[in-house]
Amino acid sequence: MKRLDFEPTFKCWRETARAALSAELSPEAISWSDGEATQLFEPMALESNQTRYNVPKRFMEVAERVVCHRSQGRWDLLYKVLWRITHGERHLLEVFSDVDTAALYKMDKEVRRDVHKMRAFVRFRHVVQEEEAWYVAWFEPDHHIIRINAPFFVDRFAQMRWSILSADECAHWDQRHLTFTDGVRREHAPNRDEVEELWRTYYSTIFNPARVKTSAMLAEMPKKYWRNLPEARAIPELLEQAPKRVENMIKASDAKQEAEIGKAVVPAADLDLESLKKAAAGCEACPLYRNATQTVFGEGPLQADIVFVGEQPGDQEDRIGRPFVGPAGAVLDRAMMEAGVVRARCYVTNSVKHFKWELRGKRRLHQTPNARDIEACRPWLEAELRLLKPQYLVCLGSTAANAVFGRPTKVLQNRGKWMESLYSKQTLITVHPSSILRARDPEQQEKAYGDFVNDLRLLVR
Ligand code: URA
């Protein structure tokens, strides 16, 4: 085995990987060394190579985040996945049950979560430097995310001069240039200032007593961040007042909710799918966006002949931001494969684009969307279907059937036969794949799965 030395940046990894691919070096033949791990093997020099490999865009997006993961194994894993994609397994990233794909998505998820945490928990402190106001924050990321996250802070705090310090790397913004310097020790960050009082007041006003779950709070806001959060000092008092405030909120909430639920406003016509997706990312038409991590929009090619509509994203979809990538997605993938339907050529979406859930213990339990949720979200589904004009439209389960037909539509009575809907002359209703997971026993499950595959076979006849 030989050692490949490279700078631990995405650009450098990509160039080295390209050279390794063109030298036909298999993943087993090399060990990636970014200088941090022990250097066991003999180094090997590779000639730089400009060969372009046709790799799915999704891989590059995921890889750019995964290089930020702190695990040493990320370089080997990335190359292994890249090797497989370029050696006959182009759709590897859609095989969610594959060990390498799953490991890659796990790292991706951890990095994204860390990015999210940094956005939520960075608190600037006011200092005066050479008679200029400067805002400085200390942050302890789990992964190497300072660089990929810095543009977010530039956008958000463009009018401030600021530095975000960490032990890995520091980012600085002087209202014009974003620069990076080496990491520093915690003592370099200022501790306390007058901006803190402002933060505490702000936090007290946005603090929602009805959502106080101490364990969930700790999971979301690990103690390691507390010492950097001025508002942490306000928490005990706020917790004490919480029950009374909840009571008042419940009284006020019902009427307010009614008034609040609107309908998604889809931007003017002629948008493409990508612009629709961007617009939907900011949708606040109903309250579901508040508890969801992100809008999960549909995905797949505009030319797709077959469109699948599900209910709403589940827990994993909510975190990853893509439809049908959790357990129900695995059933759907398997069934599609068995029926001869290629997922990469289909468009997959949901009737409701935000995850609706309630907390039970430590789990976020799925809640079925109601008619108002479906109604509020319908403009997005309609806009997708108008653009896609599917030859075949498949409703997975009753929420999808209700959304597509615009009225209560029974699944078991109508499954497995072609029907006409507003969006496609050939609309098919079948069960939702998660109903197969809920079957009472293995026999029932096998039967339900077989029936589901048979329904999907109608798409390839
Ligand atoms: N169930 C759905 O209906 N959609 C998803 O994306 C995941 C689970």
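First listed ligand is number 1; within each ligand, the first listed atom is number 1. As a basis for the values below, the full set of heavy atoms in this structure was taken, side chains included, without hydrogen atoms, waters or symmetry mates. Here the structure is a predicted model, which means the values were calculated and not measured.
Side-chain contact annotation: Thr399 with Asn402, donor-acceptor N/O pair under 3.5 Å absent. Side-chain contact check for Glu7 and Thr9: no donor-acceptor pair (N or O, by modelled atom type) lies under 3.5 Å.
Classification of Glu375 and Arg372 as a salt-bridged pair fails, no side-chain N sitting under 4.0 Å from a carboxylate O. Taking 4.0 Å as the cut-off between side-chain N and carboxylate O, Glu384 and Lys353 count as a salt-bridged pair.
Contacts classified as ring-ring contact (aromatic ring centres under 6.0 Å, His included) and involving residues 397-420 (residues at least two apart or in different chains) are given here: Tyr392-Trp418.
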Go ahead and list the nitrogen or oxygen contacts between ligand 1 and the protein that come in under 3.5 Å, distances to 0.1 Å, or just say none.
unit_1, atom_1, unit_2, atom_2, d
ligand 1, 1 (N), Gln312, O, 3.4
ligand 1, 1 (N), His432, NE2, 3.2
ligand 1, 3 (O), Glu311, N, 2.7
ligand 1, 3 (O), Gln312, N, 3.4
ligand 1, 3 (O), Gln312, O, 3.4
ligand 1, 3 (O), Asn350, OD1, 3.2
ligand 1, 3 (O), His432, NE2, 2.6
ligand 1, 4 (N), Gln312, O, 3.0
ligand 1, 4 (N), Asn350, OD1, 2.7
ligand 1, 4 (N), Asn350, ND2, 3.4
ligand 1, 6 (O), Phe324, N, 2.8
ligand 1, 6 (O), Asn350, ND2, 3.0

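Enclosure of atom CZ in Arg156 is not indicated, since only 12 or fewer non-hydrogen atoms of other residues, nucleotides or ligands lie within 6.0 angstrom.
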